[in-house]
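Lettering follows sequence order; numbering is per chain, from 1.
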There are 2 protein chains.
Amino acid sequence: MPDPKQTPMAQVLREAGYKLTQPRLAVLQVLEENAAGLNPETIYALGRTLCPSLGLVTVYRTLDLLNELGLARRVHSEHHCHSYASAGSDHHYLICESCHRVIEFPCHGLEALLESVRMQTGYVISAHLLELSGLCPDCQEHPAESA
Amino acid sequence: MPDPKQTPMAQVLREAGYKLTQPRLAVLQVLEENAAGLNPETIYALGRTLCPSLGLVTVYRTLDLLNELGLARRVHSEHHCHSYASAGSDHHYLICESCHRVIEFPCHGLEALLESVRMQTGYVISAHLLELSGLCPDCQEHPAESA
DNA sequence: CCTCTTATTGAAAAAAACTTTCAATATGAT
DNA sequence: ATCATATTGAAAGTTTTTTTCAATAAGAGG
Ligand SMILES: [Mn+2]
Ligand SMILES: [Mn+2]
Ligand SMILES: [Zn+2]
Ligand SMILES: [Zn+2]
């Protein structure tokens with residue numbers, strides 16, 4: 001595994017002027033290593049294996065920070081409205097309802113819909129949240145398992 | 001205003017076998033009369049003007065119920081992840097970032113995007129959450145006000 | 001490397017959000 | 001009008017999130 005201080009996400013933190021502290025790097029690493037939306041408590045538990053002194057407060061603070069920097073985003077799936085996942089460039093999540101794995105997808109082809117809504121409502125549309133859910137290939141094959 | 005027991009939403013409740021109690025009708029009416037995402041506490045405050053004995057517990061219970069029946073949906077906008085709005089037939093919300101007014105819009109034209117994501121990922125997609133945000137016509141004209 | 005400034009941290013306490021429990025009540029069927 | 005019971009709200013309990021603040025560690029500059 002690469003040096004946690006040299007990952008692209010760490011670079012963004014550094015360039016924004018934030019210190020690369022152990023607790024922050026632990027949260028970052030947890031998000032990067034888990035392809036799933038994780039709630040603060042889970043991030044806290046996993047993070048402590050990387051940085052035993054990590055506090056839950058810092059998890060909350062770091063999630064806020066990563067969210068501001070666009071390095072992580074909230075996942076809103078029906079029963080996990082308080083999860084976060086690391087964010088690459090696409091910023092749209094596709095969530096497996098069985099194993100809760102989360103992947104990003106590029107959001108192309110929304111323009112016509114947005115324009116149609118703009119015309120019908122008069123709203124100027126500046127942002128959108130699009131989240132898809134379903135079954136990942138693994139869970140389609142092995143309906144009972146989870147990962 | 002129409003008899004609260006005769007609104008289309010009330011009918012759905014009745015037909016599903018639930019009693020049309022004053023507290024429930026109050027929550028329902030608050031959601032119908034406010035074109036905005038409202039959090040439980042606000043619904044509670046507004047609801048008490050219609051049904052003074054209303055308890056916050058009942059607000060939570062009623063929101064769950066309305067959600068199950070499809071009569072209300074959660075609104076996930078960035079800073080109000082715990083708001084609810086009444087739901088008609090479209091189930092997709094367009095939120096004004098200034099006055100927080102919420103309207104529904106029909107979501108057509110997503111099929112190509114969904115198919116493309118399915119092909120690229122192998123996920124079977126069974127649901128989607130699409131929420132738009134921007135400025136309503138009023139707030140475009142009067143940038144500072146709110147409603 | 002050291003030194004120093006200060007951003008960042010975690011424990012603890014506080015606040016907010018939500019749920020459970022249960023006796024009292026209102027609803028709607030009869 | 002009567003009655004069975006679904007529903008209610010107060011209170012207590014639990015969980016989640018935020019605030020506070022003294023101690024610490026990052027990293028800039030020497
Ligand atoms: Mn997009
Ligand atoms: Mn949400
Ligand atoms: Zn899966
Ligand atoms: Zn507006």
Rounded to whole Å, how long is the line connecting atom OH of Tyr44(B) with atom P of dG9(D)? 9 Å
Rounding to an integer number of Å, can you tell me how far Arg61(B) CZ sits from dC22(C) C1'? 11 Å
Can you tell me how the ring of His76(A) sits relative to the ring of His76(B), calling it parallel under 30°, perpendicular over 60° and tilted otherwise? perpendicular
Quick note, Thr58(A) side chain, CB onward, closest among dT16(D), dG10(C), dT8(C) is dG10(C)
Any N or O donor-acceptor pair under 3.5 Å from the base of dG27(D) to the side chain of Arg14(A)? no
State the NE2-CG distance between His128(B) and Leu113(B), to the nearest 0.5 angstrom. 9.5 Å
Whole angstrom value for the distance that separates P of dT8(C) from CG of Leu28(A): 14 Å
Can you find a side chain N or O atom of His82(A) that sits less than 4.0 Å from OP1 or OP2 on dT17(D)? yes
Scan Leu56(B) against the nucleic acid and name what it touches under 4.0 Å (heavy atoms): base, sugar-phosphate only, or nothing. nothing
Assign each of Lys19(A) and Gln22(B) to its nearest nucleotide of DNA chain D by heavy atoms, then name whichever residue's nucleotide is nearer the 5' end. Gln22(B)
Examine the side chains of Glu32(B) and Ser86(B) and answer whether a donor and an acceptor come within less than 3.5 Å of each other. no
Expressed as a whole number of angstroms, how long is the span from Glu41(A):CD to dC18(C):C1'? 15 Å
Separation of dA16(C) P from Tyr60(B) OH (nearest whole Å): 12 Å
From the set dT7(D), dA12(C), dC18(C), return the single nucleotide nearest to any side-chain atom of Val57(A). dA12(C)
Mind calculating the distance between CG (Leu25(B)) and C1' (dG28(C)) to the nearest angstrom? 13 Å
Taking atom types as modelled, find out whether Asn67(A) and Arg74(A) have a side-chain donor-acceptor pair closer than 3.5 angstrom. no
Interatomic distance, CG@Leu65(B) vs CZ@Arg24(B), rounded to 0.5 Å, equals 5.5 Å
Please determine if a side-chain N or O atom of Thr21(A) lies less than 4.0 Å away from the OP1 or OP2 oxygen of dA25(D). no
Considering only dG9(D), dA11(C), dC18(C), which nucleotide approaches the side chain of Leu54(B) most closely? dG9(D)
How is Arg24(B) classified with respect to the nucleic acid when contacts are heavy atoms under 4.0 Å: base, sugar-phosphate, or nothing? sugar-phosphate
Rounded to whole angstrom units, what separation is found between the CG atom of Leu20(A) and the P atom of dT8(C)? 10 Å
Write down the distance between CG (Leu63(B)) and P (dT8(D)), rounded to a whole number of angstrom. 12 Å
